[in-house]
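Encoded as structure tokens, the structure appears first; notes follow it.
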Amino acid sequence: MAATTSRSPINPLYSQIQNPNPNPSFTLKLVKGRCRTPLRASSTSNNNEKNQAIELQKLMQGYPYEFTSKDSPISLPRPLTSAQLSNLGSEGSRLRVAYQGVRGAYSESAAEKAYPNCEAVPCEQFDTAFEAVERWLVDRAVLPIENSLGGSIHRNYDLLLRHRLHIVGEVKLAISHCLLANHGVKIEELDRVLSHPQALAQCENTLTKLGLVREAVDDTAGAAKHVAFHNLRDAGAVASITAAKIYGLDVLAQNIQDDSDNVTRFLMLAREPIIPGNDKPFKTSIVFSLDEGPGMLFKALAVFAMRNINLTKIESRPLQKQALQTLDESVIGFPKYFPYLFYVDFEASMADERAQNALGHLKEFATFLRVLGSYPADNGLP
């Protein structure tokens with residue numbers, strides 16, 4: 001049976017291309033953008049004055065785009081990192097949308113589906129995308145929240161609570177996995193395959209039949225980039241056909257996922273909420289916590305049932321950084337129960353009086369309640 005191994009995450013920031021030209025010439029494209037006014041005043045004027053005469057080497061280290069040789073077939077944007085967030089303005093009126101991963105990621109496709117003709121900005125981590133929106137470096141973020149096969153992306157549920165962004169929309173994307181490899185490599189020559197853990201799990205049956213060792217990395221497109229740039233002959237990648245085109249890989253097999261109904265739901269995030277309406281189907285997302293006790297969750301969900309409001313999702317997450325005072329007498333020093341947050345999506349707009357009354361009712365006994373967003377539902381085909 002094929003084994004699964006874990007390896008150090010591929011850092012898409014520092015992947016290098018071996019260039020046979022001993023004296024390569026490099027080009028740099030500077031983005032002329034207008035800076036947005038930050039939400040909070042910050043003392044950056046002194047730093048700006050000091051950086052006016054910056055050296056080229058320092059510029060290359062801090063600039064969010066990779067420097068590539070003119071002989072390189074592609075010029076790739078460098079993913080933003082938390083340590084490298086800088087005051088970059090929007091480019092004209094074109095919307096800048098952050099996503100997690102590198103070029104060719106499914107999240108990039110979701111961002112372009114949500115905001116056609118946008119400038120998709122890659123970020124290394126989910127946290128970085130949230131920060132980029134909060135600090136006015138981008139206008140929106142499009143991040144995955146659940147997959148029809150792999151379930152919820154718990155990290156983003158936690159980040160929704162930690163940050164003060166608002167859900168302004170959702171978009172569903174059909175996921176079609178391909179097995180990719182370098183030119184001339186055949187399936188029988190592969191020993192291992194790289195991809196995101198969820199992608200590997202979604203292709204479990206196919207990869208097992210092929211006898212490939214699975215190696216988990218940060219994202220699908222990052223796996224394709226690593227295989228291409230290091231010219232690996234014994235390894236393939238599970239990624240999209242778009243990633244194959246970007247990184248010049250051959251598609252050895254298409255639609256290798258175990259279930260053809262493979263859809264990921266993405267959230268569209270912004271600094272300000274949208275004004276909810278009743279002109280189209282809306283969905284509202286909330287998070288709340290309750291006191292411990294018999295029937296408390298039943299009581300909370302009943303406020304929606306009695307008003308004929310349909311719930312489309314409920315997710316529970318541990319309430320972090322909060323110790324409980326109630327201890328189990330049989331186990332000294334251990335809590336009797338753990339506090340939980342409940343994330344709920346329901347089919348109603350906050351402009352609907354039923355939704356307003358339901359949340360007013362819930363607020364009477366919930367220990368915490370926040371509306372994460374009220375936004376148009378994506379009821380179309382993924």
Side-chain angles (χ1 to χ4, degrees), residues 2 4-13 15 74 76-79 98-113 120-126 128-129 142-153 155-156 171-182 185 187 190 192-207 210 212-230 232 235-260 262-266 382:
T4 302
T5 63
S6 179
R7 55 178 288 158
S8 300
I10 295 173
N11 187 344
L13 209 67
S15 296
I74 46 180
L76 302 177
R78 172 181 294 176
Y99 68 92
Q100 188 275 329
V102 299
R103 283 203 63 205
Y106 293 109
S107 292
E108 182 184 32
S109 298
E112 293 171 345
K113 181 179 180 181
V121 180
C123 299
E124 273 197 330
Q125 304 295 336
F126 293 130
T128 314
V142 173
L143 299 172
I145 196 66
E146 62 176 326
N147 175 266
S148 58
L149 301 182
S152 300
I153 290 85
R155 178 62 178 163
N156 284 336
V171 61
K172 297 174 183 176
L173 185 72
I175 305 299
S176 177
H177 292 307
C178 300
L179 180 60
L180 313 179
N182 281 296
V185 176
I187 290 183
L190 297 178
R192 54 199 178 101
V193 62
L194 285 63
S195 195
H196 187 275
Q198 278 207 2
L200 295 174
Q202 292 165 13
C203 305
E204 175 76 21
N205 293 339
T206 301
L207 299 179
L210 295 174
L212 297 176
V213 175
R214 277 141 276 181
E215 297 185 13
V217 296
D218 282 345
D219 60 88
T220 55
K225 180 178 179 180
H226 183 78
V227 170
F229 284 8
H230 290 83
L232 301 180
V238 173
S240 66
I241 195 167
T242 302
K245 295 176 181 178
I246 291 175
Y247 301 110
L249 296 175
D250 287 343
V251 179
L252 303 184
Q254 296 188 43
N255 299 320
I256 63 172
Q257 62 271 13
D258 299 336
D259 193 328
S260 58
N262 187 7
V263 178
T264 297
R265 174 175 168 245
F266 293 80

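Please read these numbers as outputs of a predicted model, since none were measured by experiment.
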Checking [X] side chain against [Y] main chain: does a donor-acceptor pair fall under 3.5 Å?
X: Ser240; Y: Gly104; value: yes
X: Tyr247; Y: Ala223; value: no
X: Asp258; Y: Asn205; value: yes
X: Lys113; Y: Lys172; value: yes
X: Gln100; Y: Glu124; value: yes

For [X] and [Y], work out which heavy atoms get closest and say how close.
X: Leu249; Y: Ala228; answer: CD2-CB, 3.7 Å
X: Ala237; Y: Val227; answer: CB-CG2, 4.1 Å
X: Val251; Y: Cys178; answer: CG1-CB, 4.1 Å
X: Val102; Y: Gly222; answer: CG2-N, 3.5 Å
X: Arg192; Y: Glu215; answer: CD-OE2, 3.1 Å

With a 4.5 Å limit on heavy-atom distance, are the side chains of [X] and [Y] in contact?
X: Leu179; Y: Leu190; answer: yes
X: Asn262; Y: Ser176; answer: no
X: Val185; Y: Asp250; answer: no
X: His226; Y: Leu232; answer: yes
X: Ile153; Y: Phe126; answer: yes
X: Val238; Y: Leu180; answer: no
X: Arg214; Y: Glu204; answer: yes
X: Tyr99; Y: Cys123; answer: no

Apply side chain to side chain contact (heavy atoms under 4.5 Å, CB included) to residues Thr220 and Gln198 and explain how you reach the verdict. CA-CA 9 Å; Thr220 55; Gln198 278 207 2; over 6 Å; no
Can you check side chain to side chain contact (heavy atoms under 4.5 Å, CB included) on Thr264 and Tyr106, steps first, answer last? CA-CA 9 Å; Thr264 297; Tyr106 293 109; over 6 Å; no
Enter the distance from [X]:[atom1] to [Y]:[atom2] here, rounded to the nearest 0.5 Å.
X: Asn255; Y: Cys203; atom1: CG; atom2: SG; value: 10.0 Å
X: Asp218; Y: Gln125; atom1: CG; atom2: CD; value: 5.5 Å
X: Ser195; Y: Asp219; atom1: OG; atom2: CG; value: 8.5 Å
X: Leu173; Y: Glu108; atom1: CG; atom2: CD; value: 11.5 Å
X: Gln202; Y: Ile175; atom1: CD; atom2: CD1; value: 7.5 Å

